[in-house]
Protein chains: 2
Amino acid sequence: MTPIKAEIHSRMDGMTPAERKVARALLANYPSAGLASAASLAKTAGTSSPTVLRLVTRLGLAGYPEFQARLREEITLESRSPVHRAEHGEPDPAINAELNAFVLPRRELLERMVSMVPASEFDRLVKLLAAQPRAVLISGGYYSVNLAELLALQLDQIIPNVSLAREPFGRDSGKYLDLKKNAVVIIFDFRRHEMASTKVAQQAKQSGATVVVITDQELSPSAADADIVLPVPVDGIPFDSFIGLMVLVEAIVEATFRQTRDSGLKRMKNWEENIHAYRAFAATPHPEEES
Amino acid sequence: MTPIKAEIHSRMDGMTPAERKVARALLANYPSAGLASAASLAKTAGTSSPTVLRLVTRLGLAGYPEFQARLREEITLESRSPVHRAEHGEPDPAINAELNAFVLPRRELLERMVSMVPASEFDRLVKLLAAQPRAVLISGGYYSVNLAELLALQLDQIIPNVSLAREPFGRDSGKYLDLKKNAVVIIFDFRRHEMASTKVAQQAKQSGATVVVITDQELSPSAADADIVLPVPVDGIPFDSFIGLMVLVEAIVEATFRQTRDSGLKRMKNWEENIHAYRAFAATPHPEEES
DNA sequence: CCAAACTTGTATCGAATATTACAAATTCTA
DNA sequence: TAGAATTTGTAATATTCGATACAAGTTTGG
């Protein structure tokens, strides 16, 4: 059964002016406005109750009581959804209360991440990657390098020329020296353990590469040289959390995959085959890498 | 204004049997049940409408209409909360709709993680770690090794003798051969890229170490040799997600920290000092590791 | 610009609802 | 166990609500 809200949205065009007023009043305070009397809804909408009734019947409902019953049903359904249950209401006794205490603040972090990352910046990065640049070089800090590596490994499944530079000034310095135009450099730079990332960013910028910096809200100095900056909240009590960053990484991978459709799919298939071939080989003499 | 639900909960004790029936019926389907007529609520509760009315007035409300108005108010308030807005309804225009689409399914994953990890197993692992075993050895698979490393790095801040074995049968095989009793081995083992983790687990078990396996729901074969198994959901459409695993890792670290209070805090301070000393050293000749 | 079609609000009626009074049933107290 | 107090349901009542008929107003099409 489609929600009344959706039904109204889709029928808005074919409504008469007065009916539209009712629809707006209902949607503005959905579903509360519909749970009071038809007269009160008419009043807040600035029309009369017959208009409300007419709208309801035109929606295919038998009458106002049925309309309200549907609304109540929707409320019931929604409050039974697992997401809602976690937000409000009594904790499921089958749930690990202690663990849940760790999850709650992290969920807030996700909220903030979503409203913090500008859609435009995110899209630009994804478009950039989906265009398959000549090189994608990824670096990170003491902790964040692990997320960087995860990004590198997963991106590598979708587009070519991805590599991780664990030590930009050590054994991986060659990768940075070889940078050409059309290259993309992604730098993870978070507080606490500040880093030489500023130099990495500057150097990359001078090579003509597109510089992407993923950092926390107190923008790192490396953001100055960046073409794209993705801010991610990481602060928590008492420990910081990389949840936001993790989701961002996964989102980048998934969005890039969607935008490369055919070629990305193709590469993933090749990748899988290679893995299997490798396993067949590795299994016989001595076991090696895994999950 | 306190929610009616809370008011009912706190007054449950002082209610008469019939009123309690009404209260239960209302809470069982809150707030829907209260938004229909008093008679219908009475019917589902198995009593009469006067009883419903009496309960309502005893709650301090003037009458049933006022009671319903309060319920509608609560609905309005809740649907205006930022959390709810993110879940359902129109997306906040300031929000990145595309990114949000990636966050939503991952939040469900967190739900499932919380209800999937048994509290007892989690607690046992934390107690084990907080007791500061002689050695904590951590291994992971192709992707999950990055989460394993994150766990190792962060645990190392809190308790001694933590190390990561990237290649249990390669350069890190010594670490496994040196295993003694009182050691703890944590193995990340997820599907897709199955691994030699079974052998690692077996070997560790034979050395007398406590074996902890963190895996997805289709329990890996290594779970057979494990003393503690922490199942984590990772399945997603179309890509898997490590969000659940990430939160679990952070939860393990944080819970362990809480249980080691003094000694953990002390170690963290030493740690910080070392980092600063290292930075002071590294900054002068040539930059190195970072954020 | 006129007439037909369509909207919309007022007034009215019947039905459903909340509310109250009262009596039966139950529980508590001595 | 007897009486009092409390709880609970039945029945009657007054109010509100949804629904409908109808007329005034508006828009549309020729």
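Note on naming: letters A, B, ... go to the chains in the order of the sequence lines (proteins, then strands), and numbering restarts at 1 for each one.
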| task | Verify the distance criterion only: is there a donor paired with an acceptor across the side chains of B:D227 and B:T210 at less than 3.5 Å? | result | no

| said: What's the closest nucleotide to the side chain of A:P50 if the choices are D:dG18, D:dA11, C:dG9? | reply: C:dG9

| field | Atom pair distance, as rounded to whole Å: CG in B:L61 and P in C:dT19 | value | 10 Å

| request: May I ask you to evaluate whether B:T16 reaches the phosphate of D:dT8, defined as a side-chain N or O under 4.0 Å from OP1 or OP2? | output: yes

| said: Heavy atoms from C-beta onward define the side chain here; which of C:dT7, C:dT17, D:dG9 lies closest to that of A:P17? | reply: C:dT7

| Less than 4.0 Å between a side-chain N and a carboxylate O, is that true for A:R11 and A:E19? | no

| said: Can you measure A:R54 atom CZ to C:dT7 atom P for me and round it to whole angstrom units? | reply: 10 Å

| note | The nucleotide from D:dG9, D:dT20, C:dA18 with an atom nearest the side chain of B:L53 is C:dA18

| task | Could you tell me the separation between the CG atom of B:L35 and the C1' atom of C:dA18, rounded to a whole number of Å? | result | 16 Å

| request: Check the distance between C:dC6's C1' and A:E19's CD and give it to me in whole angstrom. | output: 11 Å

| message | Measure CZ/A:R58 against P/D:dT20 and give the value in whole Å, please. | response | 14 Å

| query | How is A:S48 classified with respect to the nucleic acid when contacts are heavy atoms under 4.0 Å: base, sugar-phosphate, or nothing? | reply | base

| request: State which of D:dG18, D:dT8, C:dT8 makes the closest approach to the side chain of A:P65. | output: D:dG18

| said: Donor-acceptor pair, distance only, cut-off 3.5 Å: does the side chain of A:E7 make one with the backbone of A:T2? | reply: no

| query | Between B:S49 and D:dG9, is there a side-chain N or O to OP1/OP2 distance below 4.0 Å? | reply | no

| task | Describe the nucleic acid contact of B:T47 in one word from base, sugar-phosphate, nothing, applying a heavy-atom distance below 4.0 Å. | result | sugar-phosphate

| request: Using whole Å, report how far CG of A:L41 lies from P of D:dC17. | output: 13 Å

| message | How close do A:S49 and A:A39 get, counting heavy atoms only, and between which atoms? | response | CB-CA, 4.1 Å

| field | Whether A:E74 side chain and A:I4 backbone form a donor-acceptor pair below 3.5 Å | value | yes

| task | Just compare D:dA19, D:dT8, C:dA18 and give me whichever is closest to any side-chain atom of A:Y64. | result | D:dA19

| Length of the line joining A:Q68:CD and D:dG18:P, which is rounded to integer Å | 6 Å

| request: Nearest whole angstrom, please: distance from the C1' of D:dT7 to the CG of B:L55. | output: 14 Å

